[in-house]
Amino acid sequence: MMKKTRTWILYFALALSLTACGKSEEATLNPGIYTLQGYEREVPGDFIITLYDDGTFQCYETLISSYIGMGHYSIEKDKVTLKEDAEGCTGAVNYYQIADGDLVFVSEGSSNYHFVPLEEGAVFTWTSDTDGGAKEL
């Protein structure tokens, strides 16, 4: 009886370890305001991306433009996709990698931005929670 119990415990432990190995970890990302860090540019103000809990975002490249990119974002594994699909927006799609809680720009396949074109690896760091202000899509 003891040998049979030990065998079942061994099979159970093996099954658990195989299940754990097969899972891919999802990167986590906090909603809030992400600000471009240490990037040379010729326009004033911060370049910020605001991610909301409901899967929407807003993007401000500079204070000198009235354009606000808005739409929906999705997260798959460690990749974030921002789609400007709100009415009046350009339809741009930009990709980011999640690395240690930061958004790292991926230029391949991205539409990029108009006033502040980003290079591969540009980093946006979480700087604060959203202010709960109104947003329209």
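Summarising the geometry, atom OG1 belonging to Thr90 is positioned 4.0 Å from atom CD belonging to Glu84; distances are rounded to the nearest 0.5 Å. The line from CG of Asp102 to CD of Gln97 is 12.0 Å long, rounded to the nearest 0.5 Å. A distance of 6.5 Å separates OH in Tyr73 from CG in Leu29, rounded to the nearest 0.5 Å. Between the CG atom in Asn94 and the CG atom in Leu82 there is a gap of 6.5 Å [rounded to 0.5 Å].
The hydrophobic cluster containing Val106 does not contain Trp126, counting ILVMFWY residues as joined when their side-chain heavy atoms lie under 4.5 angstrom apart, directly or transitively.
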Evaluation steps, side-chain hydrogen bond (donor to acceptor under 3.5 Å, both in side chains), between Gln58 and Thr50
CA-CA 5 Å; Gln58 291 183 344; Thr50 304; 5.4 Å; no
Output, in order, the C-alpha distance, side-chain angles, deciding distance and verdict of side-chain contact (heavy atoms from CB on, under 4.5 Å) for Tyr96 and Ile49.
CA-CA 12 Å; Tyr96 293 85; Ile49 297 170; 3.4 Å; yes
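Side-chain contact between Tyr67 and Cys89 is present, with at least one heavy-atom pair separated by less than 4.5 Å. When side chains are defined from C-beta on, Pro31 does not count as touching Tyr52, because their heavy atoms never get closer than 4.5 Å. Here the side chains of Val80 and Ile98 are in contact, with some heavy-atom distance below 4.5 Å.
Note: Phe47 and Tyr113 have perpendicular aromatic rings, judged against thresholds of 30 and 60 degrees for the angle between ring planes.
Each of Leu51, Ile48, Ile33, Leu118 was evaluated against Phe124; a single residue qualifies, Leu118, per the side-chain contact (heavy atoms from CB on, under 4.5 Å) test. Of the listed residues (Leu36, Asn112, Val123), just one forms a side-chain contact (heavy atoms from CB on, under 4.5 Å) with Phe105, and that residue is Asn112.
Nearest heavy-atom pair across Val116 and Glu61 is N-OE1, 2.8 Å. In terms of heavy atoms, Pro44 sits closest to Thr62 at O-OG1, 2.7 Å. Contact between Val104 and Gly121 at its shortest, heavy atoms only, is CG1-CA, 3.6 Å. Of all heavy-atom pairs between Tyr39 and Ala122, the closest is CE1-CB, 3.8 Å. Tyr34 and Gly101 make their closest contact through CE2-O, 3.5 Å (heavy atoms, listed as atom of the first residue, atom of the second, distance).
Counted within 6.0 Å of CG on Asn30, heavy atoms from surrounding residues, nucleotides or ligands total more than 12; the atom is thus considered enclosed. In this structure, Glu119 places its CD atom where only 12 or fewer heavy-atom neighbours from other residues, nucleotides or ligands lie under 6.0 Å away.
Both cation-pi conditions hold for Lys79 and Tyr95: the charged atom is under 6.0 angstrom from the six-membered ring centre and inside a 45 degree cone around its axis.
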